[in-house]
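Below you'll find the structure, written out as structure tokens, and then a few comments.
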Amino acid sequence: MIQLCSIASGSSGNCIYVGNEDTHILIDAGISGKRIKAGLDYIEVDPNKLDGIFITHEHSDHILGLGIMARRYNMPIYITEKTWNKLKTYSSLGKINESLVNFIKPDTLIKIGSIQVMPFKTSHDATDSVCYTFVNDKYKIGIVTDLGNYDDYIIEHLKNSHILYIEANHDIKMLEAGSYPYYLKRRILSDIGHLSNELSTSLIENLIHDDLKYIVLAHLSKENNLPDIAYLEVKYLLDKTKICNNQDIELFVAKRDIHSEAIVLL
Ligand SMILES: [Zn+2]
Ligand SMILES: [Zn+2]
């Protein structure tokens with residue numbers, strides 16, 4: 001069994017749970033400790049049982065609740081050394097017991113309980129951003145958000161996932177016509193910004209396979225995207241793609257301010 005639950009997703013805060021009967025992992029803590037606890041309550045996971053929290057990068061929408069969670073639950077943190085060195089300069093983080101910090105390296109597998117975690121590099125305007133895949137004896141989950149573009153390296157890491165959690169940040173036309181200042185539009189559209197619906201769809205096209213069961217579109221911009229636009233763009237791709245076993249791939253958009261439906265593969 002493996003479970004994924006998006007506790008919050010979007011530019012106002014990100015937190016994801018991945019786990020099974022004996023291993024419980026968070027990816028990022030970009031919302032308050034209270035909201036993380038509420039998300040964990042929904043899937044009936046005791047925060048004291050969390051085996052660790054994996055950090056993707058130091059932007060505040062990914063780390064806002066990290067200090068609280070680490071202190072309150074004595075929770076191990078998995079992070080790259082460069083991201084940690086940057087993060088420790090943030091006074092908002094508060095004091096964290098350094099013995100809780102474990103350094104991870106891109107492309108180096110780490111085992112947490114019965115789940116294998118593989119960090120991989122992403123192209124983003126952060127110090128040393130990574131995303132992760134999670135594998136147990138039967139299933140693979142691929143998570144990738146906060147990247148301006150993708151390449152064969154990203155595809156190689158995400159391929160054969162049974163669940164894909166992928167950024168669909170903005171609709172290019174909405175962003176271009178929207179109220180963001182020019183420099184911010186350029187940053188978002190750049191190779192170290194965020195994935196548009198268009199790029200997200202073409203990445204997904206590279207990752208469709210017969211055993212892909214769920215796709216979750218994530219990290220949507222509040223200003224520059226709409227859940228229906230992102231959903232329909234990928235749905236159109238899925239409808240025209242022939243899957244051999246005739247099973248539908250379920251498609252969701254992760255909710256922004258509240259947990260999404262939990263996905264469980266038995
Ligand atoms: Zn982000
Ligand atoms: Zn970011």
Side-chain angles (χ1 to χ4, degrees), residues 4 6 8-14 16 27-28 30 56-57 59 61-62 120-126 129-134 140-178 180 184-209 212-241 243 248-256 260-261 263:
L4 175 142
S6 172
S9 181
S11 22
S12 39
N14 297 275
I16 309 163
I27 301 95
D28 290 332
T56 59
H57 62 298
H59 289 162
D61 58 320
H62 297 262
F120 57 94
K121 284 177 266 174
T122 52
S123 170
H124 192 50
D125 59 350
S129 59
V130 292
C131 275
Y132 300 98
T133 62
F134 300 86
K140 175 173 177 180
I141 294 178
I143 292 180
V144 73
T145 68
D146 298 76
L147 70 169
N149 214 334
Y150 70 88
D151 55 13
D152 289 347
Y153 167 84
I154 297 276
I155 292 170
E156 197 53 39
H157 273 286
L158 294 172
K159 72 178 189 191
N160 300 325
S161 293
H162 300 88
I163 302 174
L164 282 171
Y165 186 96
I166 291 193
E167 169 164 65
N169 179 259
H170 56 276
D171 174 84
I172 295 172
K173 287 202 188 80
M174 279 180 77
L175 177 71
E176 280 170 345
Y180 275 23
L184 198 51
K185 289 182 184 179
R186 273 195 46 183
R187 188 215 134 210
I188 293 169
L189 288 167
S190 77
D191 275 354
I192 54 168
H194 290 278
L195 276 194
S196 63
N197 294 339
E198 206 172 297
L199 277 177
S200 181
T201 307
S202 75
L203 172 56
I204 289 166
E205 191 166 17
N206 280 286
L207 295 171
I208 291 178
H209 64 100
L212 175 57
K213 306 212 179 312
Y214 290 92
I215 299 171
V216 183
L217 302 177
H219 210 299
L220 270 71
S221 163
K222 196 175 185 177
E223 298 268 322
N224 305 309
N225 209 352
L226 288 169
D228 283 355
I229 294 182
Y231 178 89
L232 288 172
E233 201 151 331
V234 177
K235 184 76 177 123
Y236 177 74
L237 165 75
L238 296 182
D239 287 346
K240 71 173 190 188
T241 309
I243 314 279
D248 279 345
I249 298 170
E250 294 221 38
L251 177 65
F252 294 91
V253 177
K255 292 180 185 145
R256 171 181 305 282
S260 303
E261 247 173 274
I263 295 171

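Hydrogens, waters and symmetry mates are skipped; everything else that's a heavy atom, side chains included, is used.
- Between the OH atom of Y153 and the OG atom of S123 there is a distance of 11.5 Å, given to the nearest 0.5 Å.
- With K185 contributing its side chain and E176 its backbone, the two residues share a donor-acceptor pair below 3.5 Å.
- Remark: Y180 OH to R187 CZ distance equals 9.5 Å, nearest 0.5 Å.
- Here the OH-CG distance, from Y132 to L158, works out to 14.0 Å after rounding to the nearest 0.5 Å.
- Screening H170, H194, E223 for a side-chain contact (heavy atoms from CB on, under 4.5 Å) involving L175 leaves a single residue, H170.
- Side-chain atoms of K159 and L207, non-hydrogen and from C-beta on, do get closer than 4.5 Å to each other.
- S11 contributes atom OG, which lies 9.0 Å from atom NE2 of H62 (distance to the nearest 0.5 angstrom).
- Two residues are said to be in side-chain contact when any heavy atoms from C-beta on lie closer than 4.5 Å; N169 and N224 fail this criterion.
- A donor-acceptor pair is defined here as one N or O able to donate and one able to accept, closer than 3.5 Å; no such pair exists between the side chain of K255 and the backbone of S6.
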Given side chain to side chain contact (heavy atoms under 4.5 Å, CB included), test L199 with E167 step by step and report yes or no.
CA-CA 9 Å; L199 277 177; E167 169 164 65; over 6 Å; no
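- Partner Y150 forms a side-chain contact (heavy atoms from CB on, under 4.5 Å) with one of V144, D191, I155 and no other, that one being I155.
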Could you walk me through whether V234 and N197 pass the side chain to side chain contact (heavy atoms under 4.5 Å, CB included) check?
CA-CA 8 Å; V234 177; N197 294 339; over 6 Å; no
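- More than 12 heavy-atom neighbours from other residues, nucleotides or ligands sit within 6.0 angstrom of CG on D239.
- Side chain of H209 to backbone of S161: a donor-acceptor contact under 3.5 angstrom is found.
- Contact detail for S196 and I172: the closest heavy-atom pair is CB-CG1, 3.7 Å.
- With S9 contributing its side chain and H219 its backbone, the two residues share a donor-acceptor pair below 3.5 Å.
- Proximity of I166 to L203: side-chain heavy atoms (C-beta onward) are separated by under 4.5 Å at one or more points.
- A donor-acceptor pair is defined here as one N or O able to donate and one able to accept, closer than 3.5 Å; no such pair exists between the side chain of D228 and the backbone of Y231.
- Here CG of L4 is found 10.5 Å from CZ of F252. Values are rounded to the nearest 0.5 Å.
- D171 contributes a side-chain N or O that, together with a main-chain N or O of K173, makes up a donor-acceptor pair within less than 3.5 Å.
- Side chains of V216 and I143 form no contact here, defined as non-hydrogen atoms less than 4.5 Å apart.
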Could you walk me through whether N14 and T145 pass side chain to side chain contact (heavy atoms under 4.5 Å, CB included), step by step?
CA-CA 10 Å; N14 297 275; T145 68; 5.5 Å; no
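- In this structure, T56 and I27 approach most closely via the heavy-atom pair CG2-CG2, 4.0 Å.
- The backbone N or O of K121 lies less than 3.5 Å from no partner atom in the side chain of H157, so there is not a single donor-acceptor pair.
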Step by step, work out the side chain to side chain contact (heavy atoms under 4.5 Å, CB included) result for L217 and S200.
CA-CA 9 Å; L217 302 177; S200 181; 4.2 Å; yes
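- Put simply, the side chain of E250 does not reach to within 4.5 Å of the side chain of I263, judged on heavy atoms.
- At distances below 3.5 Å, not a single donor-acceptor pair connects side-chain atoms of D61 with backbone N or O atoms of G30.
- Side chains of T201 and Y236: no donor on one and acceptor on the other come within 3.5 Å.
- Formation of a donor-acceptor pair under 3.5 Å by the E205 side chain with backbone atoms of L237 is not found in this model.
- Here CG of L195 is found 10.5 Å from NE2 of H124. Values are rounded to the nearest 0.5 Å.
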